[in-house]
Amino acid sequence: MADRYLSAASEEADVLVVEQDEQQSDLLCMLLAQAGYRISSCDTGKEALEVAPELLPGLILLAVSLPDMDGFTVCQQLKQIEQVSRIPVIFMADSQNHELEEKGFEFGGIDFIYRPTNDKVLLARIRTQLELKSHQDALEKLVRVRTDTLNQALQELSHSNRSKDRFLDTISHELRTPLNGISGGVQLLNQTRLAPSQAQYLQVIQKSSTHLSSLLESILDFSEASANSLVLQTTPINLVNLLHEVSLLASQRCREKGLYYESYIAPDVSQKLLGDGQKLRRLLFHVLDNAVKFTSKGKVHLQADEYFDGVKHWLQVQVVDTGVGISEGKKNALFAPFHQLDSAFNRQHGGLGIGLPICHAFCELMGGQINIDAQQGVGTVVEISLPFKPYPTISETNEASAAPKKKGKRKCKTVLVVEDNRVNQMVQKGILTKLGYETVFAENGQEALDQVQKEDFLAILMDCQMPIMDGFEATRKIRTLDTTASKLPIIAITANAMSGDRQRCLDSGMDDYLAKPVKMDELKDKLQRWIATY
């Protein structure tokens with residue numbers, strides 16, 4: 001019979017005694033009650049399995065010999081009940097037997113006692129196990145509380161990171177949109193006749209716009225690098241052209257400062273490789289920008305080589321300048337974010353102090369490395385090594401058969417521009433007119449879907465973030481049309497320029513991607529390329 005020492009089975013118990021011998025059970029319960037423990041008892045294994053989950057005692061004294069099942073089986077089944085699985089079990093037997101002890105420990109017991117036993121020893125063992133259980137419960141509670149606190153903090157951090165990502169995405173979109181208007185307006189003004197003073201003012205606007213755009217790119221690159229959310233894009237790179245492009249920008253800045261610029265691109269550098277051209281361009285821009293910025297006299301030199309180590313193709317770029325260099329004590333802080341080597345209030349050189357951390361993050365992401373050797377007052381040498389995949393080579397016959405067939409000359413000269421911002425509409429219309437195209441506008445994806453089913457177009461320039469229907473959904477629906485419009489070249493012209501946005505555009509069915517602010521030459525090249533294949 002259960003609960004001979006408790007008024008109700010629902011009342012808490014310190015010790016549950018499971019013993020079929022009523023006299024042994026009464027003596028044991030009296031001893032424990034006199035010691036101040038709350039006791040419950042039962043005389044079968046079945047009762048023990050029913051009572052234990054209700055009482056949740058601190059300890060179970062379990063006789064090996066029971067009428068319905070042995071104590072080992074009872075212990076084994078108790079350990080399978082989640083809420084009682086951690087309650088310590090002490091086995092009781094009438095004769096000493098090492099095999100029984102081994103079996104008891106094997107089935108989950110923590111101690112084994114034999115009758116008759118010394119009452120003080122028995123109470124000491126029980127007290128020790130109850131104290132250990134109390135400490136364990138307190139520790140588990142503390143762990144649960146701290147785990148809950150940590151989980152809450154992680155949720156708040158995750159929410160904060162999501163908010164940060166949304167904020168950065170919004171900032172990127174909202175800043176790029178007016179920058180596209182400024183940049184496009186400047187490009188269009190450059191196509192007109194201007195008085196010398198007007199041309200000078202326009203040059204100031206253009207330089208400021210370019211600088212602002214570069215700062216925005218750097219902030220976003222650094223934010224994504226800090227959040228480990230940078231994504232590599234593998235696309236064909238015209239490596240020689242890319243190197244010439246960054247060299248042209250650096251040489252222009254050198255001329256403005258009265259510096260000599262020279263570059264050497266080794267003959268073995270591949271015309272085409274596969275890799276992330278955008279990040280490579282940004283990486284070289286930061287390195288060359290620092291070289292020019294911290295050099296007041298002398299020269300800046302860029303050298304590019306390529307080699308094959310038997311496994312990978314490597315691009316090796318070295319940038320050497322005769323600038324201020326770096327003192328020995330400050331070399332360890334080169335890749336620290338927001339760290340300026342000249343940190344005085346009136347420091348001579350501007351900048352955010354995140355260029356080198358971005359370079360380091362890009363190199364790691366691409367599986368390469370960047371090394372800097374500098375001497376104060378002598379200059380700096382930056383060496384970059386990056387692995388690239390070779391561009392797949394196919395025979396001219398296969399290449400000709402694989403390439404899209406060029407269509408005959410089409411009478412249509414109209415490009416559909418899907419853009420909801422009026423300033424950007426005006427700029428894109430001006431640029432497309434200069435390039436010899438006519439334009440039709442749609443202010444959202446639904447309008448674009450309707451337009452392509454009514455009119456003939458050469459291509460579609462698709463914004464991504466628009467009301468009613470965004471550019472991704474519009475593209476997916478255009479691709480499912482049962483007309484020739486489903487094959488139209490679709491180029492994303494978007495202010496969504498976070499890492500991974502390009503791939504999202506391609507995954508939706510777009511053919512290519514341009515981030516705002518858009519350069520006229522880049523748009524011209526992409527339109528010519530894709531229209532030729534339609």
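What you see is a predicted model, and the numbers here were worked out from it, not measured in a lab.
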First locate atom CD1 of Ile468, then atom CD of Gln446, and finally report the distance between them rounded to the nearest 0.5 Å.
8.0 Å
A side-chain contact here means heavy atoms from C-beta on lying under 4.5 Å apart; do Leu273 and Glu306 qualify?
yes
Phe457 vs Val440 side-chain heavy atoms within contact, under 4.5 Å:
yes
Check Leu274 against Pro390 and note the closest heavy-atom contact, atom names and distance.
CD1-O, 3.9 Å
So, taking the atom named CG in Asn421 and the one named OG1 in Thr177, what distance separates them when rounded to the nearest 0.5 Å?
6.0 Å
Quick one: pull up SG in Cys505 and CE in Met462 and give me the separation to the nearest 0.5 Å.
10.0 Å
For atom CD of Gln271, decide whether the heavy atoms of other residues, nucleotides or ligands shown that lie under 6.0 angstrom number more than 12.
yes
Non-hydrogen side-chain atoms of Thr235 and Asp276 separated by less than 4.5 Å
no
Using the six-membered ring wherever Trp is involved, compare the ring planes of Phe308 and His313 and label them parallel, tilted or perpendicular (cut-offs 30° and 60°).
tilted
Over all heavy atoms of both residues, which pair between Val240 and Val269 is shortest? Give the atoms and the distance, please.
CG2-O, 4.1 Å
Are Lys526 and Glu522 within salt-bridge range, i.e. N to O under 4.0 Å?
no
How long is the straight-line distance from CD of Gln318 back to CG of Asp373, given to the nearest 0.5 Å?
10.0 Å
With no hydrogens and no angle check, is any side-chain donor or acceptor of Asn151 less than 3.5 Å from a backbone partner on Thr147?
yes
Distance, nearest 0.5 Å, that separates CD1 of Ile265 from CG of Leu242
9.5 Å
Can Gln503 and Asp507 be counted as having a side-chain donor-acceptor contact under 3.5 angstrom?
yes
Distance col, row Asp450:CG vs Glu455:CD, nearest 0.5 angstrom, shows 11.0 Å
Within 45° cone of Tyr261 ring axis and under 6.0 Å: Arg255 NZ or CZ:
no
Check whether any side-chain heavy atom of Gln369 lies under 4.5 Å from a side-chain heavy atom of Asn371, and answer yes or no.
yes
Over 12 foreign heavy atoms within 6.0 Å of CD, Gln187
yes
Specify the closest pair of heavy atoms between Gln453 and Leu449, including all atoms of both residues, with the distance to one decimal.
NE2-O, 2.9 Å
Are Ser251 and Glu256 close enough that some pair of their side-chain heavy atoms sits under 4.5 Å apart?
no
Minimum heavy-atom separation for Pro489 to Asp511, with atom names?
CA-OD2, 3.2 Å
According to ring pair (Phe, Tyr, Trp, His ring centres under 6.0 Å), who are the partners of His301, at least two apart in sequence or on a separate chain?
none
I'd like to check Lys429 versus Phe441 (side-chain heavy atoms, cut-off strictly below 4.5 Å). Are they in contact?
yes
